[in-house]
Amino acid sequence: MERPAATAFTGARIFDGESWHDDAALTVTADGRIHGIRPSHALPEAIEHVRLDGGFLAPGFVDLQVNGGGGVLFNAQPDVDGIAAICRAHARYGTVALLPTLITDRPDVTRRALDAGRAAAEAGVPGFLGLHIEGPHLSIARKGVHDPSLIRPMEESDFAALAAAARHLPVLMTTLAPETVPPAEIRRLAEAGVLVSLGHSDAGAALAREAAEAGARLVTHLYNAMSPLAHREPGMVGNALDHGPLDVGLIADGFHVDPVAIRVALRSKRGPGRIFLVTDAMSTIGTDLTSFTLNGRTIHRAGGRLTLADGTLAGADIDMLASIVFLHRQVGVPLEEALRMASLYPAEAVGQGDALGSIKPGARASLVHLTSDLELKGVWIDGRPA
């Protein structure tokens with residue numbers, strides 16, 4: 001039996017992830033699910049109204065790589081309170097579901113992060129989608145900000161910890177380099193329910209493709225910390241764009257990837273995989289911090305960039321709404337596609353496309369209200385104001 005609508009959102013256009021609806025109302029059930037879209041004049045008399053002042057409603061944003069926010073770095077506070085603080089910080093910018101991301105660290109810190117993820121899932125922390133464990137099984141040649149002293153091969157205990165956590169988390173994603181973790185181990189991880197993403201790798205295209213065929217499903221922050229596309233060795237970048245099933249994350253902050261390279265990638269990517277936005281945000285989001293510490297090293301914030309003392313980019317100082325604005329206004333991506341790259345595509349990449357990323361019956365009522373100038377007016381997670 002269909003659940004009755006409990007609330008109606010009126011007064012704004014609705015972008016359902018595919019098309020626009022004018023003079024329409026979005027109805028939501030009491031348990032925070034989408035009931036449907038109907039003409040505004042055809043609402044039940046007794047329904048509660050959320051009256052919006054113009055602009056448009058759209059699916060809330062989904063971010064698969066969030067290192068921190070609100071002054072909290074997940075590496076420094078790998079517990080439920082840290083996860084909740086990060087989720088709250090990013091909800092202020094329209095992100096309704098995210099993966100707190102642990103950068104390469106000691107084994108005990110990784111274990112604490114996995115335990116915290118399980119506890120956050122059990123507690124139903126708003127906005128918590130699962131975890132992203134980025135490293136430590138990476139290439140030192142493409143380490144980026146990851147501490148080389150902490151990068152190491154995967155051991156059986158690492159596999160066991162990830163496999164056990166995957167049984168209790170909605171999503172568990174890990175970034176690894178295929179020259180460090182061979183295809184047979186990637187296959188084991190995939191079969192255990194871990195979503196494998198390829199990144200921080202100097203592998204050639206052939207090895208990257210072998211890893212994808214073994215079960216890797218994603219690529220972490222395209223172009224950054226990976227072997228580039230060249231005419232004789234297409235590298236990780238070439239395989240990410242050419243191997244159709246791979247979904248590919250992209251940082252759109254104007255520093256990590258030039259707009260020309262973004263446009264080339266968007267024109268080149270073979271499907272059915274998509275390019276989706278990630279922020280790679282650090283603890284600075286929502287704060288006036290000018291520096292913070294990661295693995296004992298100071299990261300400096302200036303001019304919209306986060307860097308180590310030697311200039312190495314160290315995550316990003318951007319939220320998802322600002323990424324959409326950059327993609328639309330500076331790169332020239334149509335607004336509808338930019339919104340999908342921040343909602344539907346990442347949700348689909350981690351198997352959550354039925355619940356997040358679109359406004360359709362049965363999906364979670366996790367929404368954003370934006371003005372025509374792309375200013376945020378409201379956020380709801382599972383039908384409740386964030």
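Worth saying up front: this structure is predicted, and the values here are computed from it rather than measured. Side-chain atoms are counted along with the backbone in the values below, which use heavy atoms only and exclude waters and symmetry mates.
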Can D317 and M282 be said to form a side chain to side chain contact (heavy atoms under 4.5 Å, CB included), step by step?
CA-CA 6 Å; D317 190 22; M282 290 289 199; over 6 Å; no

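- Side-chain atoms of R340 do not come within 3.5 Å of backbone N or O of Y345 as any donor-acceptor pair.
- The existence of a salt bridge linking R118 and E122 is confirmed by a sub-4.0 Å separation between a basic side-chain nitrogen and an acidic carboxylate oxygen.
- A donor-acceptor contact under 3.5 angstrom links the side chains of H21 and D16, judged on distance only.
- Using a 3.5 Å distance cut-off with no hydrogens or angles, the side chains of S201 and E179 do pair a donor with an acceptor.
- Side chain of T101 to main chain of L99: a donor-acceptor pair is present (N/O by atom type, distance under 3.5 Å, no hydrogens or angles).
- For the pairing with M226, the side chain to side chain contact (heavy atoms under 4.5 Å, CB included) check across V219, L198, D202 returns one residue only, V219.
- Using modelled atom types, no side-chain atom of H328 and backbone atom of P334 make a donor-acceptor pair closer than 3.5 Å.
- Among R142, E134, K143, the single residue meeting the side chain to side chain donor-acceptor pair (under 3.5 Å) criterion with H200 is E134.
- Linking ILVMFWY side-chain heavy atoms closer than 4.5 Å, directly or via other members, places V248 and V331 in a single hydrophobic cluster.
- Atoms CG and OG1, from L43 and T10 in turn, are 7.5 Å apart once rounded to the nearest 0.5 Å.
- At least one side-chain heavy atom of K360 sits less than 4.5 Å from a side-chain heavy atom of D354.
- To the nearest 0.5 Å, the span separating CG on L176 from CD1 on I186 amounts to 5.0 Å.
- Under the 3.5 Å distance criterion, the side-chain polar atoms of R33 are left unmatched by any main-chain donor or acceptor of G383.
- Note: L162 CG to R188 CZ = 11.0 Å, rounded to the nearest 0.5 Å.
- Although no hydrogens or angles enter the test, the distance criterion places no donor-acceptor pair under 3.5 Å between the side chain of T312 and the main chain of L308.
- Ring geometry for W380 against H369 counts as tilted: the plane angle lies between 30° and 60°, on a 0 to 90° scale.
- Side-chain atoms of V278 and L250, non-hydrogen and from C-beta on, never get closer than 4.5 Å to each other.
- Test D105, N67, T293, T104 against N75 for side chain to side chain donor-acceptor pair (under 3.5 Å) and you get one pass: D105.
- Salt bridge annotation for R209-E213: present, with a cationic side-chain nitrogen under 4.0 angstrom from a carboxylate oxygen.
- Atom CG of residue L195 and atom CD1 of residue I133 lie 12.5 Å apart, to the nearest 0.5 angstrom.
- Looking at E233, its side chain does come within 3.5 Å of a backbone N or O of A205 through a donor-acceptor pair.
- A salt bridge links K377 with D53: at least one charged nitrogen is closer than 4.0 Å to a carboxylate oxygen.
- You'll find the side chain of L277 reaches within 4.5 Å of the side chain of I324, heavy atoms only.
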List the steps and the verdict of side chain to side chain contact (heavy atoms under 4.5 Å, CB included) for L339 and F61.
CA-CA 8 Å; L339 290 169; F61 312 141; 4.2 Å; yes

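- For residues 78-89, the side chain to side chain donor-acceptor pair (under 3.5 Å) pairs, not counting sequence neighbours, are Q77-D79.
- Atom OG1 of T279 is separated from atom NE2 of H90 by 5.5 Å, given to the nearest 0.5 angstrom.
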One pair to check against side-chain hydrogen bond (donor to acceptor under 3.5 Å, both in side chains): T174 and H132. What are the steps and the verdict?
CA-CA 5 Å; T174 189; H132 180 172; over 6 Å; no

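- Sorted by first and then second residue, the pairs that involve residues 258-283 and meet salt bridge (Lys or Arg N to Asp or Glu O under 4.0 Å), not counting sequence neighbours, are D242-R270.
- A donor-acceptor pair is defined here as one N or O able to donate and one able to accept, closer than 3.5 Å; no such pair exists between the side chain of T287 and the backbone of G71.
- Between atom CG of residue D115 and atom NE2 of residue H168 there is a gap of 10.0 Å, rounded to the nearest 0.5 Å.
- With T371 contributing its side chain and D373 its backbone, the two residues share a donor-acceptor pair below 3.5 Å.
- A donor-acceptor distance shorter than 3.5 angstrom exists from the side chain of S197 to the backbone of T220, with no hydrogens or angles considered.
- Checking side-chain atoms of H300 against main-chain N and O of T307 turns up no donor-acceptor pair under 3.5 Å.
- Hydrophobic clustering of Ile, Leu, Val, Met, Phe, Trp and Tyr side chains at less than 4.5 Å, counting indirect connections, unites L172 with V62.
- Here H256 and H221 keep their ring centres 6.0 angstrom or further from each other.
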